[in-house]
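Right, one structure below, let's go through it.
Each chain gets a letter, A, B and so on, in the order its sequence line appears, and its residues count up from 1.
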Amino acid sequence: MKSEPGVYSIDTLQREGQTLWEGVRNYQARNFMMKDMKVGDMVLFYHSNAEPSGVAGLAQVSSPAVADPSQFKRRSKSYDAKSSTESPRWFCVSVRFVKKFERFVSLAQLRQTPGLAAMRLLQKGQRLSIMPVTGQEFERICSLASTAPRP
DNA sequence: GCCAACGTTGGC
DNA sequence: GCCAACGTTGGC
């Protein structure tokens, strides 16, 4: 799951413990939350549009998808006039803080890592804010987060 | 700040 | 249903 650290960082999540992942306005990303993500699933927390961008830590899905309340709030940037409480258009899960990585895993490091080349995140033009990761990719990234950085 | 890639919107 | 215009994302 991607977030711009200036907006919501891993530190914010650590402070708050848990958050509703509001504001996603892309159908593919929404569908991942609605259909694929289960309570207890592990989440790589990725800092996008950052200096540097990369995986900052781990979270965990802590609730099933519910109607995203921000779509009903007129003053919210995520307000959607075409949605209604009777048939909400947008859904989101909650995630809880698990850990901040000892070592931040930068995008450059991900790109350099053999075995991660097929990661969806690394494919050209990939802009989805939520996307699936394989078990192998997940393990690989966690091990990068706990081993010495490259020189 | 630039720009490629992609999604969405709306006229027809 | 097509597609041009526009908006957004996010790396660089």
remark   = B/S/- along nucleotides 1-12 of chain B (protein heavy atoms under 4.0 Å) is ----BBSS-S--
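Applying the ring pair (Phe, Tyr, Trp, His ring centres under 6.0 Å) criterion to A:Tyr27, with sequence neighbours excluded, gives A:Trp90. Residues passing the side chain to side chain contact (heavy atoms under 4.5 Å, CB included) test with A:Gln18, sequence neighbours excluded: A:Ser62, A:Ser94, A:Arg96. Listed by chain and residue number, A:Val7, A:Ser48, A:Asn49 satisfy the side chain to side chain contact (heavy atoms under 4.5 Å, CB included) test with A:Glu4 (two or more places apart in sequence, or in another chain).
Among pairs with a residue in residues 44-75 of chain A, those fulfilling ring-ring contact (aromatic ring centres under 6.0 Å, His included) read A:Trp21-A:Phe45, A:Phe45-A:His47, at least two apart in sequence or across chains. Judged as a ring-ring contact (aromatic ring centres under 6.0 Å, His included), not a single pair has a partner in residues 93-129 of chain A (not counting sequence neighbours). Residues in residues 114-132 of chain A take part in these side chain to side chain donor-acceptor pair (under 3.5 Å) pairs, two or more places apart or across chains: A:Gln28-A:Arg120.
Other members of the cluster containing A:Tyr79 do not exist, because no ILVMFWY side chain is joined to it at under 4.5 Å.
Summary of helix geometry: the two end axes of the helix from B:dG1-C:dC12 to B:dC12-C:dG1, each defined by five base pairs via their C1' atoms, are inclined to each other by 10° (rounded to 10°).
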